[in-house]
**Student:** 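Below is a structure I'd like to ask you about.
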Amino acid sequence: MPSLPVPELKSTLDKYLKSIKPYCNSESDYEKQVQLCYQFLSNQGPTLQERLLSYSMERRNWMQEMWDSQIYLADRSPVVPFVSYFYGHKPLASTHRVIDSDMLIKATAIIAGVVKFIEALKDESLPAEVVKDKPFCMNGFQYMFNNSRVPQFNQDRNDFYSIYEHGYLTVAYKDNFYKVYTHDRETGSVLPVSVVYRQLNQIVNQLATQGSIVEANAGIGALTTLPRNEWADAYQQLQADPVSASSLQIIHQSSFVLCLDQDAAPITLEDKSRVCWHGDGTNRYFDKPLQFFVAGNGFSGFLAEHSKMDGTPTLFLNHYVMDQLAKLNPAEFIKSLHAGSATLYPDLRSEHLQFIITPELSKTIEAAKLQFVNTIEQEDLRVWHYNRYGKRIIKTFKVSPDAFIQQIIQLAVFKYLKRQLPTYEAASTRAFFQGRTETGRSVTDASSKFVKTWESTTATTQEKVSAFYDAAKEHVEYLKMASNGQAIDRHFFGLKNMVQESDAPVPLFQDPLFKYSSTWLISTSQLSSENFECYGWSQVYDNGFGLAYMINNDFLHINITNKPEASGLSANELHYYLSQAADEIYETLSQHSSSKPNL
């Protein structure tokens, strides 16, 4: 894979000046930015650029270390609900109801699918991702399994273990954790599904025989919801006891976590999203990169800890697992769950992980639960699931589906607030070694003209359509540039990191408009799968929105999150304007088109 490039300095400044035009209220505002950029290019900029180029010569991906540490591991906020992201799995076909409606059967099927994926990683038979004839770096897949984020004061760390060892997962049930084996401890071969299923049944039945022991160990998962320094303090207390330390080590070394939410039965998309996003806050271990859930009614989903992976690898994993479930023969799979269950590995049992909870830790756990509830109650979530049209119809208008939905978002925000807000879209840079993301700036000169033209009472249909296509075209061009490592925000991030303590302040970096233009009050990202019915995460800023979206063949989907009290904004009202914008754009383009697509 090619190394991540460092963009040319003047090119970045030119792109920056173009990107901030929509936020300038006057010519003098824009002229000030021009002068700041000229000053930067004439003085401090070349020095910082030279330092960054020298730094990049020693690293194939100059951004990885500073990005991972500063953006994720040094962040002291709770990982949930502020950092991790989720998927909710679409129900299986009605032919698979016997699998889809039973918690333990569904859980066993998911485990089997994930283990098959792990084996494909081990023997390197997993096909490399190729997007538009361009291979994607698969480096992120090695960070998926058998590892954990570990709380530390000031900055966390990631601990990694061999994928070829530790052939087990961690199961969470009734706020306790259990070790469930997926591989033979001596040979390393994959265990039959009947052995996995038997272990899950043992866990569920264990409450009846070990109720007091289980209750005494409940609640450790709540600690992973704390702000990171508070969790680090509790973690040190747990590490001081060898029993608790051993249990934590087992969780960290496990391949992944699967949570059995027996008491949950989500029906609405909002309820399903909340099960995936945060659940009850205790039957979880939020520091694990991969966490699957199965509710009492069979609904399943997934949550990813974000520090080492972005969405495309976990999208690949979940899509793979759900495809495996869809390929199962239900009758044969049910039969296999009981095949030789009494004779195969008769001594192999799930292991309940013990923790020594001191009175001080008990108080911390109870405080964590209360703090979690208070945090979640501040978060609103509304799902915009738009069934009028999807990717198939959008393509008939000869426009990028991603650019199309981004213009829906821009128009909806403008209808709601009468102005545009700085908008982030994640662009993947996995075309480069260890590539993660770059910022796509969705507010452009063209999008500004589009929303104003669209809301004008005097604009003609032709003018509206023309403005829409210009905005969509400019959006595609910016995202392509970002994916090629030539956008501006990661470059500025790198240049800021080259400023030394002895350097004078950089006026450009101190400028309010410069800062505002990258204050992502609208944070968006697309990860689409026909196997999902939910996808989301939180807003980036308390006074903004998080808009995670899917563009599926026959529907559009946006998960809306915000803090209504902190922002004074309403997810319900934005939901309304998204529908209005989507309806209007479709109807206007259809009227202008010679052949109206059939809905």
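Quick note: residue numbers are just sequence positions, from 1.
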**Student:** Have a look at Q35 and tell me which of Q39, Q33, E31 forms a side-chain hydrogen bond (donor to acceptor under 3.5 Å, both in side chains) with it.
**Tutor:** E31
**Student:** Any ring-ring contact (aromatic ring centres under 6.0 Å, His included) involving residues 401-430? Give me the pairs, sequence neighbours left out, ordered by first then second residue.
**Tutor:** Y389-F404, F404-F468, Y416-Y577, Y424-W520
**Student:** Does a donor on one side chain sit under 3.5 Å from an acceptor on the other, for Y535 and S529?
**Tutor:** no
**Student:** Would D75 and R228 pass as an ion pair if we require N to O under 4.0 Å?
**Tutor:** no
**Student:** If we ignore angles and hydrogens, is there a donor and acceptor under 3.5 Å between the side chains of E379 and H278?
**Tutor:** no
**Student:** For M66 versus G494, what's the shortest heavy-atom pair and its separation?
**Tutor:** SD-CA, 4.2 Å
**Student:** Minimum heavy-atom separation for L4 and W62, please, with both atom names.
**Tutor:** O-CD1, 3.4 Å
**Student:** Under 4.0 Å between a Lys/Arg side-chain N and an Asp/Glu carboxylate O for D445 and K449?
**Tutor:** no
**Student:** Does any non-hydrogen side-chain atom of I394 lie less than 4.5 Å from one of L556?
**Tutor:** yes
**Student:** Quick one: does L589's side chain get under 4.5 Å of V465's, heavy atoms only?
**Tutor:** yes
**Student:** So do the side chains of Q580 and L411 get within less than 4.5 Å of each other, counting heavy atoms only?
**Tutor:** no
**Student:** Just to verify, what does H306 make a ring-ring contact (aromatic ring centres under 6.0 Å, His included) with, not counting sequence neighbours?
**Tutor:** Y72, Y85
**Student:** Check the side chains of Q49 and H491 for a donor-acceptor pair under 3.5 angstrom, ignoring hydrogens and angles.
**Tutor:** yes
**Student:** Going by salt bridge (charged side-chain N to carboxylate O under 4.0 Å, His left out), name the residues that satisfy it together with D503, two or more places apart in sequence or in a different chain.
**Tutor:** R51
**Student:** Quick one: list whatever passes ring-ring contact (aromatic ring centres under 6.0 Å, His included) with F153, sequence neighbours left out.
**Tutor:** none
**Student:** With sequence neighbours excluded, what pairs up with K515 under the salt bridge (charged side-chain N to carboxylate O under 4.0 Å, His left out) test?
**Tutor:** none
**Student:** Q486 and S11: side-chain donor and acceptor closer than 3.5 Å?
**Tutor:** no
**Student:** If we ignore angles and hydrogens, is there a donor and acceptor under 3.5 Å between the side chains of S447 and Q410?
**Tutor:** no
**Student:** Tell me whether D489 is salt-bridged to K15, with the criterion being a basic N under 4.0 Å from an acidic carboxylate O.
**Tutor:** no
**Student:** If you look at every heavy atom in V383 and H575, which pair is closest and at what distance?
**Tutor:** O-NE2, 3.2 Å
**Student:** Would you call R430-E129 a salt bridge at under 4.0 Å N-O?
**Tutor:** yes
**Student:** Looking at residues at least two apart in the chain, or sitting in another chain, which of them share a ring-ring contact (aromatic ring centres under 6.0 Å, His included) with Y55?
**Tutor:** none
**Student:** Who passes ring-ring contact (aromatic ring centres under 6.0 Å, His included) against F545, sequence neighbours left out?
**Tutor:** none
**Student:** Can you tell me if D583 and Y386 form a side-chain donor-acceptor pair at under 3.5 Å?
**Tutor:** yes
**Student:** So, using salt bridge (charged side-chain N to carboxylate O under 4.0 Å, His left out) as the criterion, who are the partners of D310 when residues are at least two apart?
**Tutor:** R436
**Student:** Please enumerate all residues that pass side-chain contact (heavy atoms from CB on, under 4.5 Å) together with S567, with sequence neighbours excluded.
**Tutor:** N543, N562, L569
**Student:** Answer yes or no: is there an ion pair linking K391 with D402, defined by an N-O contact shorter than 4.0 Å?
**Tutor:** no
**Student:** Side chains of W384 and S579: any donor to acceptor distance under 3.5 Å?
**Tutor:** yes
**Student:** F509 vs F40 aromatic rings, parallel, tilted or perpendicular, using cut-offs 30° and 60°?
**Tutor:** tilted
**Student:** Mind checking side-chain hydrogen bond (donor to acceptor under 3.5 Å, both in side chains) for Q462 and listing every partner two or more places apart, or none if nothing turns up?
**Tutor:** H592
**Student:** For D470, what residues pass the salt bridge (charged side-chain N to carboxylate O under 4.0 Å, His left out) criterion, not counting sequence neighbours?
**Tutor:** none
**Student:** Between F432 and R60, is there a side-chain heavy-atom distance shorter than 4.5 Å?
**Tutor:** no
**Student:** Got a sec, which pairs hit ring-ring contact (aromatic ring centres under 6.0 Å, His included) with one end in residues 14-37, sequence neighbours left out?
**Tutor:** Y16-F492, Y16-F514, Y23-Y516
**Student:** Using 30° and 60° as the class limits, which term best fits the ring planes of F145 and F117: parallel, tilted or perpendicular?
**Tutor:** tilted
